[in-house]
Amino acid sequence: MADDKDVLRDVWFGRIPTCFTLYQDEVTEREAEPFYLLLPRVSYLTLVTDKVKKHFLRIMKQEDVEEMWFEYEGLPLKWHYPIGVLFDLHASNTALPWSVTVHFKTFPERDLLHCPTNSVIEAHFMSGIKEADALKHKGQVINDMQKKDHKQLWMGLQNDKFDQFWAMNRKLMEYPTEEGGFRYIPFRIYQAMSDRPFIQRLFRPVSADGVAHTLGDLLKEMCPSAIPQDDLRSLRKRASSTVLRKTKGALALTIIQDKSKTVR
Amino acid sequence: MSDDTDSTAASCYLDEKTFRLSCGLFLEHSSFLNDGWAWEEVNGSEKEGYMKKTVMVPCRISSTPCQSNQSRLVDGDDALLEEEQLCDQDEAVGEPTAAEGQAAVRYEYHVLYSCSYQIPVLYFRASTLEGRSLSLEEVWNNVHPNYQQRLLQGPWDTITQQEHPLLGQPFFMLHPCRTEEFMRPALETARAERKGVNYILTWLSVVGPVVGLDVPLSYALAVGPPAPKAEATTAASTASASASTSGPD
């Protein structure tokens with residue numbers, strides 16, 4: 001893992017410059033100025049946009065304000081997806097800054113989860129961590145950790161503290177080769193054009209004959225349509241130690257299907 | 001841990017094939033009773049699917065939906081509220097009864113399989129006839145007080161809003177972490193008596209009533225576990241399961 005540290009830091013400190021514009025139909029007392037912010041890829045919209053809310057609330061009346069939600073080109077943005085995933089999925093081919101529209105009315109009940117407090121974000125985050133550990137270690141590592149350790153993971157994310165986060169997360173990322181490593185690789189494949197929110201299935205890090213599975217093997221099995229046959233040779237990274245979007249002990253792969261079938 | 005304990009522990013979990021077969025048998029009886037359960041396939045994949053049922057129930061709902069759905073305009077730092085407290089009735093208790101009314105509410109229940117935890121999970125959502133989604137508070141208010149007590153005691157037994165893993169839409173979910181705890185006694189007893197148990201039936205009989213879903217007694221008498229020689233009869237069982245979901249004629 002030591003040689004991965006640079007990559008881990010790069011992933012953690014990834015930022016997306018974003019321009020927040022108030023939805024034109026919102027009722028304001030003065031004209032709304034857009035608000036610019038660098039969003040951490042590994043965090044969640046509702047966790048890092050207090051400043052956005054404060055900025056727009058200054059020019060709005062209390063009665064015109066309900067739960068804040070975000071939209072990109074007409075699509076409500078799921079706050080419970082990591083920001084990096086949202087950007088890669090919907091806007092990676094567009095020019096920066098990412099233009100996001102802010103709403104305070106007509107919350108899209110059928111599309112978005114409510115997010116009344118940070119506890120809800122924390123619960124979602126921890127639930128993802130636990131599920132990933134259930135796959136990696138049958139939940140043994142997360143269950144052996146104390147409540148304060150769980151809290152440290154969360155606080156590390158909330159306060160953007162790489163060292164604080166990884167002090168705990170490294171336990172969850174331990175790959176005991178003598179015990180067969182991870183039981184299964186925790187991954188989710190997101191596709192822009194898809195009926196289902198993501199693909200998530202059981203996948204072992206090592207094949208039946210003891211050969212380490214590669215990222216290409218994973219994609220070939222889970223999402224064959226995304227990879228043209230001749231591109232498979234270029235996907236050589238090991239699935240179990242690849243640092244592609246290694247966040248929160250779970251691997252989140254984003255696949256964007258466009259004409260050139262680029263794999264990110 | 002002795003081997004015996006290990007195999008007992010293992011049997012508290014459900015593999016995907018047994019999930020499908022158990023649902024199939026459950027659905028056969030549902031078809032016979034005409035009580036509305038159906039199998040939904042995912043993306044035309046025979047292997048992936050879930051059970052679904054929709055019912056209309058009279059419920060207490062807020063007649064001023066804006067207020068019950070509106071989240072408090074709190075600072076992001078409001079970490080005081082634990083998730084259990086979100087399900088608390090603090091606000092509802094304070095509300096005058098004039099703000100509540102009775103209405104027919106459409107409850108939609110989905111039984112999905114979680115491969116991460118190797119157990120079934122119950123998802124549900126509720127909406128008024130006009131199509132307004134019920135809030136977590138309204139759903140909570142309609143949970144029987146006895147069950148509310150039990151849910152509040154265990155932080156991991158709460159009802160939370162989650163994204164449906166196959167549909168991508170907001171649903172409520174009964175947190176699955178304690179599944180093994182209540183399934184173990186039932187499975188162990190069945191083992192000891194050399195009787196089979198239909199995992200889905202047993203599980204749904206326990207979790208269903210908490211969120212207003214009844215499982216009539218006739219199921220217990222009519223629905224057994226999938227046959228042990230499931231490998232040989234898989235195709236047949238799945239075929240009959242699919243056939244039974246084409247609905248009562």
Side-chain angles (χ1 to χ4, degrees), chain A residues 46-51 53-54 57 62-63 65-69 78 80-81 104-105 107-124 126-128 130-136 138-139 143 151 154-155 158 184 186 188 194-203 250, chain B residues 9-10 13 15-16 42-45 47-48 65-86 91 114-119 125 127 131-137 155-156 158 160-173 175-177 180:
Chain A
T46 43
L47 191 58
V48 297
T49 49
D50 275 350
K51 288 182 183 168
K53 192 190 314 190
K54 286 190 167 99
L57 288 192
Q62 191 83 323
E63 68 246 29
V65 173
E66 289 169 6
E67 184 172 352
M68 183 171 66
W69 58 280
K78 298 185 180 185
H80 67 286
Y81 285 2
F104 289 98
K105 282 279 190 182
F107 190 89
E109 300 279 346
R110 300 289 274 189
D111 300 301
L112 298 183
L113 303 178
H114 282 284
C115 191
T117 66
N118 276 9
S119 309
V120 173
I121 312 173
E122 183 180 358
H124 267 282
M126 288 310 300
S127 141
K130 284 177 200 237
E131 187 176 351
D133 199 57
L135 289 167
K136 286 182 289 184
K138 295 190 195 176
N143 287 338
K151 206 65 180 177
W154 166 248
M155 296 305 284
Q158 184 179 40
Y184 298 107
R188 282 184 180 165
S194 176
D195 299 328
R196 58 195 306 160
F198 49 76
I199 297 171
Q200 180 181 343
R201 286 201 251 283
L202 298 179
F203 187 77
Chain B
Y13 299 100
D15 66 271
E16 190 155 15
V42 177
N43 279 348
S45 149
K47 295 207 156 194
E48 247 190 310
C66 290
Q67 279 174 11
S68 72
N69 274 333
Q70 183 180 22
S71 69
R72 291 139 277 190
L73 296 175
V74 291
D75 255 319
D77 299 340
D78 190 3
L80 291 172
L81 288 163
E82 290 296 330
E83 206 174 325
E84 303 92 270
Q85 289 174 9
L86 274 178
E91 277 194 357
S114 162
C115 59
S116 302
Y117 293 109
Q118 304 211 279
I119 46 165
R125 63 180 168 187
S127 55
R132 172 176 80 73
S133 303
L134 259 63
S135 67
L136 180 58
E137 275 171 283
W156 300 117
T158 46
T160 55
Q161 213 192 14
Q162 300 286 337
E163 177 183 56
H164 190 292
L166 300 172
L167 300 179
Q169 293 176 324
F171 270 70
F172 295 111
M173 182 197 79
H175 205 285
C177 273
E180 193 225 336

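Letters go in sequence order (proteins before strands), and every chain restarts at 1.
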Please test B:Glu48 against A:Arg201 for side chain to side chain contact (heavy atoms under 4.5 Å, CB included), starting from the C-alpha separation and ending with a verdict.
CA-CA 11 Å; B:Glu48 247 190 310; A:Arg201 286 201 251 283; 3.2 Å; yes
Yes or no on side chain to side chain contact (heavy atoms under 4.5 Å, CB included) for A:His114 and B:Leu136, after CA distance, side-chain angles and deciding distance?
CA-CA 9 Å; A:His114 282 284; B:Leu136 180 58; over 6 Å; no
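Distance check: B:Gln169 CD to A:Glu109 CD gives 12.5 Å after rounding to the nearest 0.5 Å. Atom OH of B:Tyr117 sits about 8.0 Å away from atom CG of A:Leu135, to the nearest 0.5 Å. The line from OG of B:Ser116 to NZ of A:Lys136 is 12.0 Å long, rounded to the nearest 0.5 Å.
Only the side chain of A:Lys78 comes within less than 4.5 Å of a heavy atom of chain B; its backbone N, CA, C and O stay farther away. Proximity to chain B (any heavy atom under 4.5 Å) is shown, for A:Ile199, by neither the backbone nor the side chain. At a 4.5 Å heavy-atom cutoff, A:Phe104 makes no contact with chain B through either its backbone or its side chain. Both the backbone and the side chain of B:Leu166 come within less than 4.5 Å of a heavy atom of chain A. B:Gln118 touches chain A through its side chain: at least one heavy atom from C-beta onward sits under 4.5 Å away, while N, CA, C and O do not. Both the backbone and the side chain of A:Asp195 come within contact range of chain B, judged by heavy atoms closer than 4.5 Å.
The minimum heavy-atom distance linking A:Phe198 with B:Glu163 is given by the pair CE2-OE1, 3.8 Å. When all heavy atoms of B:Gln161 and A:Leu112 are compared, the closest pair comes out as NE2-O, 4.4 Å.
With a 4.5 Å cut-off on side-chain heavy atoms, A:Gln200 and B:Pro165 do not count as touching. By the 4.5 Å heavy-atom criterion applied to side chains, A:Arg110 and B:Arg125 are counted as neighbours.
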